[in-house]
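The next block holds one structure in the form of structure tokens; read it before the comments.
Here is how names work: the chains are called A, B, and so on, in the same order as the sequence lines, proteins then strands, and each is numbered from 1. All values below come from the heavy atoms of this structure, side chains included, with hydrogens, waters and symmetry mates left out.
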2 protein chains.
Amino acid sequence: MKRIAESTVRRLSIYLSFLEEIGARGVLTTSSDDLARLGGTTSAQVRKDLSFFGSFGKRGLGYSVPELSAHLREILGLGRKWNVCIVGAGKIGGALARYAGFAERGFNITGMYDSDPHKLGKMYSGVAVQDIVHLERDIKSGKYQIAILTVPPENAQNIVDILVGAGIKAILSFAPLQLTTPPDVTLRTVNMAMELEGLTFALTKRSSDQQY
Amino acid sequence: MKRIAESTVRRLSIYLSFLEEIGARGVLTTSSDDLARLGGTTSAQVRKDLSFFGSFGKRGLGYSVPELSAHLREILGLGRKWNVCIVGAGKIGGALARYAGFAERGFNITGMYDSDPHKLGKMYSGVAVQDIVHLERDIKSGKYQIAILTVPPENAQNIVDILVGAGIKAILSFAPLQLTTPPDVTLRTVNMAMELEGLTFALTKRSSDQQY
DNA sequence: ACATGTGAACTGCTTCACAGCG
DNA sequence: CGCTGTGAAGCAGTTCACATGT
């Protein structure tokens, strides 16, 4: 299969959330034009994105909302439940544990880990914080497919190495630094200070096209 | 001035945080090669990124760490303090209010707003939650340059319209949906479910190059 | 000799435009 | 006729390679 651009995958997520929204409202068909308008892109882009995976529409008619939703869920790997652990039970980790949006999408937070003895046993949405020494064992036993990392930056690469060593293949990091993983482990980093810097950059050069 | 790619701005942030780290350790000079190794890019990319803004290095020698840090801070608009308000005092909003990383970078959370009467007056790191009806007035009076949006998706576009109407020019949204702003208002969206979907996409097609 | 700065070549994503099919 | 699906063209971002300056 061809290499799919990250930008394409992001747009597929956007299309899916739009489809689920209008699907819940009872809309049965839609078009690449509709999907484009919402996603802030063009109809050609929508069709090109979908074309990497198959032909899901009917010429002259458009797309069936339930059908296309199902295809996108399958493509994005949402046709199953995923078990996720949160490593780091601080402010952000706790907020994410309680965030309902994950469960709606099939992501179950089934474990939390921290090294601070004061946090052990604390409950977040029915999940108790465990000692981080058990993390490696639990990953090796196949309990989790995805790890969310919300530890201080000093410890982050160290924990990543443990996660990778134990066999995890997907990590979402909130640590504000650049981490490294082997090529077979997917890492995404959300760096909030960096996002704000993108905004101040735009604010500072008060020229045209801030939008991006 | 030429249009700068978003990817370039993101890398500048990465370079800066690396420079500050090694600067704090007393390192005085560095090279495009060093910066590249850390940022997961190439030395040519580093030099090209910097070249959009000037010539900050010495041929044959490299870059002065304090000088390049200062230039990057200036370029990214970090040469001043920014006042930021958080709209939505739920789980994520509260966690962000307490997140120390913002202040370190010159972003001061100086206001919080919510519409839920139960949340009014609650304190987060010394900032009281105010009624959202005051938000428009406070933005118009110039209290904030940046707004962080952590409200439920149903209300998000509505709040964006209020923010934009009151004159805000930069918004960081955590709402899991696509929002629209006029071209002179910069909007960045962090969508955690979408990040996880990027991971499951990679996990599902267990082929090569997961990394991106 | 060494590392920067930069035009030129290249790669890959996006847009165009139209053939194909309902 | 309308909207999809897709090769071809266009464009933007990255990489190359070397001239330039110390």
* Structure fact -> Taken to the nearest whole Å, CZ/B:F52 to P/D:dA12 is 12 Å
* Nearest-nucleotide wise, let me know which of A:G60 and A:S51 is further upstream toward the 5' end of DNA chain D. => A:G60
* Asked: Could you state the CD-P distance from A:E6 to D:dA12, rounded to the nearest angstrom?
  -> 20 Å
* Structure fact -> Taken to the nearest whole Å, CG/B:D34 to C1'/C:dC2 is 14 Å
* Is the shortest side-chain N/O distance from A:Q45 to OP1 or OP2 of C:dC13 below 4.0 Å? -> no
* Dump the intermediate steps for salt bridge (charged side-chain N to carboxylate O under 4.0 Å, His left out) on A:R105 and A:E20, then the final yes or no. => CA-CA 11 Å; A:R105 288 292 217 184; A:E20 291 186 336; 2.7 Å; yes
* Nearest-Å distance for atom pair CZ/P, residues A:R3 and C:dG12 -> 9 Å
* Taking 4.0 angstrom as the limit, do A:E6 and A:R188 come out as a salt bridge? -> yes
* Distance (rounded to the nearest 0.5 Å) between B:E67 CD and B:L28 CG -> 11.0 Å
* More 5' along DNA chain C: A:L61 or A:D49, using each one's nearest nucleotide? -> A:D49
* **Any A:Y63 side-chain N or O less than 4.0 Å from OP1/OP2 of C:dG22** => no
* Contact class for A:S7 (heavy atom, under 4.0 Å): base, sugar-phosphate, or nothing? -> sugar-phosphate
* To do: Could you check how far NE2 of B:H71 sits from P of C:dT4, rounded to whole Å?
  => 15 Å
* Asked: Any side-chain N or O of A:S32 less than 4.0 Å from the OP1 or OP2 oxygen of D:dT4?
  -> yes
* Structure fact -> note: B:R47, atom CZ; C:dG7, atom P; distance rounded to Å ~ 14 Å
* **Ring centres under 6.0 angstrom apart (B:F102, B:Y99)** => yes
* Asked: Can you tell me how far P of C:dT4 sits from OH of B:Y15, to the nearest Å?
  -> 12 Å
* Asked: OP1 or OP2 of D:dT14 sitting under 4.0 Å from any side-chain N/O of B:R11?
  -> yes
* Grab the CG-C1' distance between A:D33 and C:dT15 for me, whole Å please. => 14 Å
* Atom of B:V87, atom of B:I132 and distance for their closest heavy-atom approach -> CG1-CD1, 3.7 Å
* Structure fact -> Contacts of B:K48 and B:S31 projected onto DNA chain C by closest heavy atom; the upstream (5') one is B:S31
* N/O donor-acceptor pair, side chain B:R59 with base D:dT22, under 3.5 angstrom -> no
